[in-house]
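Contents: one structure, followed by commentary.
All chains are named by letter (A, B, ...) in the order of the sequence lines, taking the proteins before the strands, and each is independently numbered beginning at 1.
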Protein chains: 2
Amino acid sequence: MSRPTMETVAERAGVSRALVSLVMNNSSKVSEAKRQAVLHAAEQLGYRPNLHARNLAQARTKTLGMIINDIHNPFFAEVVYGVEAAADDYGFDVLILNGGRDAERERRAVETHLQFQVEALILVGPKLDNDDIVRASAVVPTVVVASGRDNPGADTITTDDERGAALAVQHLVQLGHTDIVHIDGAANISSRARSHGYEKAMRSLGLEPRTLRGGDDEADAEAAIVDLAETDSMPTAIFAFNDLVAAGALSTLEAAGLRVPDDVSVVGYDNTFIAELNHMSLTTVNQPRHQMGQLAIRTVLERIEDDRTEPTRIDLAPTLSVRRSTAPPRKA
Amino acid sequence: MSRPTMETVAERAGVSRALVSLVMNNSSKVSEAKRQAVLHAAEQLGYRPNLHARNLAQARTKTLGMIINDIHNPFFAEVVYGVEAAADDYGFDVLILNGGRDAERERRAVETHLQFQVEALILVGPKLDNDDIVRASAVVPTVVVASGRDNPGADTITTDDERGAALAVQHLVQLGHTDIVHIDGAANISSRARSHGYEKAMRSLGLEPRTLRGGDDEADAEAAIVDLAETDSMPTAIFAFNDLVAAGALSTLEAAGLRVPDDVSVVGYDNTFIAELNHMSLTTVNQPRHQMGQLAIRTVLERIEDDRTEPTRIDLAPTLSVRRSTAPPRKA
DNA sequence: CGATTGCGTTAGAGCGCTCTAAATCTTACG
DNA sequence: CGTAAGATTTAGAGCGCTCTAACGCAATCG
């Protein structure tokens, strides 16, 4: 009752096991007659090659292991699509494991992938610390996507957060804003680069930066906005650490009786699903996520196939998606 | 330079390969001394068991294959967490493949999983048609999650969409609404049950149902709402096929100068991320997604371990999450 | 003190496949 | 018709692991 093997198919087709193997890997040196016979037998038996056996015999798996920080987060989903499309092109399977926003789980996921003998590891927004990544990349080519850190040993694909922040600032300034507050990402990994970019851009335009502590979700924005309202120091524009924080800003501003963008303009970051919703319509900094995924595969493949060994670091340029949450400031 | 094998470890620890195997599977019949020696050797060599070899030898993989309709969709993410948590409890690994909203891709994903010899298939919101599912479930235990269809051969975990729709209607009626329009999901798989539930609930409360053709995204809502506005037949409440359609309704209503919930109440379905955003704050029907994931595992495990063979069908009760998009109708 | 028990350990076959080297069959040509 | 060159096909080893059966040895017992 167990699944048919190559042996079974060979017998049925009246050929040797080796011949079946050749057919399954569609080798050109098989006569048409036998090929048909084998395919027919396989079909009838519902034969399916056993990947474990194949991988063992070949000593390679043509499989890549991807770990996603959090499957909830739609930001990463787009990266996944990029990765899959590119992997497909090169004939690799991609196994996905969910990190669940937890370093320990990610560590176990790495372990699982390694036991599956994946040929490379793609870490999307990993929570792992440097040591973990170094350790992993010593075993198998590893590429880190969308995590600003410097990852010794691994390749890195990022977008330039400083530049992204500058885009936001420039856009607001062009609209006529001069009083622009930034709500940062607190301990978040990309927070530093974004705040820094914001501050640098402000200063270079002769404006005084004002950064408030935020975080990475709606509630974090609320505190900051309430503070601005209470101290009567509401700016004409707010640049938030990410779209979710921007969403929090939107609702808190509204609750305070302020209209977006009439009273206050709001800019987010990441161009997630949220920003696209008509009801939110957030102007936001866009990262080329699909491309990031594709580059991750290319990069890692250079190691596998062309055995490059020095680490690569690709830093892509973000763009700005302008929507309805930004407008010129109300005339004073 | 290739990875160390059991043989290598055995040699280093001065024991036989079989003994190393016993240690790796932490068998109780190994002397403490040898166990330590083996673990130490393995540690030093950075040894990692080769799952392919193990699976081949054991003729079982302790691995489940999951296919997600669309990794973008946060609705499914929660199911994934439920599945993973339960699978963890039973010591199974879960391999995730992305269906990408495409039946053909899903078909390939099924194939890949089968070649990996997964012990069961978990299809989350599959696009596959009945035949595909029958075929898959003939090979390996299969459970379909969140897809209303009747899946001969496979187990099914759903929530009762009719009841969910009724919850929405009842809530609106309790608030005092009598003129409630439903924007349906067009060809979407769950659309029928939801519309039917809506119509049944309306009639049983002595109200006249009014169903408009919608779809599954924001744009689909727009057409319907514009139509209502133009024919001057705007109801006091709208029950949308899902949250995204509800979001479309929100923005279109607003664009038409109507306020939510003051002029029109809106109810969504699925309690996705969107609904939770403060700025949207959608009243919506909630499906116990995490639980659905867990039940999927339990169900499928009954087949694997207790070899049940008759198909099971579990239909869970939805709940209503009330937020700020619903309120009593404006006094006429 | 020889036989028995049982624990700890190991030899060796086998899981399903690929791959190399060799065998077999065709075909073409002098 | 004989033979070399191709074109097909196959035997068989080996991938890294598990598992059964058997082995060695110390402790136990009559």
Side-chain angles (χ1 to χ4, degrees), chain A residues 1-39 41-42 45-63 91 93 112 114-119 139, chain B residues 1-39 41-42 45-63 91 93 112 114-119 139:
Chain A
M1 259 316 294
S2 78
R3 305 204 189 157
T5 75
M6 232 169 215
E7 201 67 51
T8 332
V9 176
E11 217 166 285
R12 178 124 181 183
V15 300
S16 71
R17 179 167 29 80
L19 208 254
V20 177
S21 174
L22 289 180
V23 172
M24 287 304 152
N25 296 290
N26 45 97
S27 152
S28 61
K29 40 187 169 182
V30 174
S31 69
E32 194 49 29
K34 302 252 169 175
R35 150 172 274 109
Q36 288 306 333
V38 168
L39 288 178
L45 292 166
Y47 169 73
R48 242 173 283 267
N50 181 324
L51 273 195
H52 299 298
R54 163 186 296 211
N55 291 341
L56 192 56
Q58 284 194 143
R60 76 169 296 186
T61 58
K62 277 268 188 178
T63 300
D93 277 332
T112 302
L114 291 179
Q115 297 191 0
F116 264 109
Q117 315 293 112
V118 298
E119 298 191 28
V139 182
Chain B
M1 256 320 293
S2 78
R3 303 206 190 156
T5 75
M6 231 169 218
E7 201 67 51
T8 333
V9 176
E11 217 165 287
R12 178 121 177 184
V15 300
S16 71
R17 179 170 29 80
L19 208 255
V20 176
S21 172
L22 290 179
V23 172
M24 287 304 151
N25 295 291
N26 44 97
S27 151
S28 59
K29 41 187 169 184
V30 175
S31 67
E32 195 49 30
K34 302 249 168 173
R35 151 171 274 111
Q36 288 306 331
V38 168
L39 289 177
L45 292 165
Y47 169 73
R48 241 171 285 266
N50 181 324
L51 274 194
H52 299 297
R54 162 185 298 208
N55 290 341
L56 191 55
Q58 284 193 144
R60 76 169 295 185
T61 58
K62 276 266 186 181
T63 300
D93 276 331
T112 302
L114 291 179
Q115 296 190 1
F116 265 110
Q117 316 291 115
V118 297
E119 298 190 27
V139 182

By salt bridge (Lys or Arg N to Asp or Glu O under 4.0 Å), which residues pair with B/Arg48, not counting sequence neighbours? A/Glu111

A/Thr61: what forms a side chain to side chain donor-acceptor pair (under 3.5 Å) with it, not counting sequence neighbours? none

Among all residues two or more places apart in sequence or in another chain, which pass the side chain to side chain donor-acceptor pair (under 3.5 Å) test with A/Ser16? none

Can you confirm whether B/Asn55 sits close enough to B/Gln117 that some side-chain heavy atom of one is under 4.5 Å from a side-chain heavy atom of the other? no

Summary of protein contacts for nucleotides 23-28 of chain C, nucleotide by nucleotide, where a base hit scores B, a sugar-phosphate-only hit scores S (4.0 Å, heavy atoms): ------

Checking B/Phe116 now: which residues fulfil ring-ring contact (aromatic ring centres under 6.0 Å, His included) with it, not counting sequence neighbours? A/His52

Measure from CG on B/Leu19 to P on D/dC17 and round the result to the nearest Å. 14 Å

Who are the salt bridge (Lys or Arg N to Asp or Glu O under 4.0 Å) partners of B/Arg35, not counting sequence neighbours? none

When rounded to whole Å, the CG to P distance for the pair A/Asn55 and C/dC19 reads 12 Å

Which atoms form the tightest heavy-atom contact between B/Ala13 and B/Ala37, and what is the distance? CB-O, 3.9 Å

To check you understand the geometry: which heavy-atom pair defines the closest contact between B/Val38 and B/Val15, and what is its length? CG2-CG2, 3.9 Å

Measure the CG-CG distance between A/Leu114 and B/Leu51 for me, rounded to the nearest 0.5 Å. 10.0 Å

Pairs meeting criterion side-chain hydrogen bond (donor to acceptor under 3.5 Å, both in side chains) with involvement of residues 22-34 of chain A, two or more places apart: A/Asn25-A/Arg54, A/Glu32-A/Gln36

Just to verify, what does B/Arg17 make a salt bridge (Lys or Arg N to Asp or Glu O under 4.0 Å) with, not counting sequence neighbours? B/Glu7

DNA chain D contacts made by residues 21-38 of chain B, counting heavy atoms under 4.0 Å: B/Ser21, B/Asn25

Could you list, one pair per line, each protein nitrogen or oxygen that sits under 3.5 Å from a nitrogen or oxygen of nucleotides 13-16 of chain D, together with the distance?
from, atom 1, to, atom 2, distance (Å)
D/dC15, O2, A/Ala57, N, 3.3
D/dG16, N2, B/Ala53, O, 3.3

Interatomic spacing from OG1 in A/Thr63 to CD in A/Glu119 - rounded to 0.5 Å: 7.0 Å

From CD of B/Glu7 over to C1' of C/dA11, roughly how many Å is that when rounded to an integer? 12 Å

Find the bend of the helix from C/dC1-D/dG30 to C/dG30-D/dC1 as the angle between its two terminal axes (five pairs each), to the nearest 10°. 60°

Sugar-phosphate only, base, or nothing, as touched by B/Val20 at under 4.0 Å among non-hydrogen atoms: nothing

Residues in side chain to side chain donor-acceptor pair (under 3.5 Å) with B/Thr5, at least two apart? B/Thr8

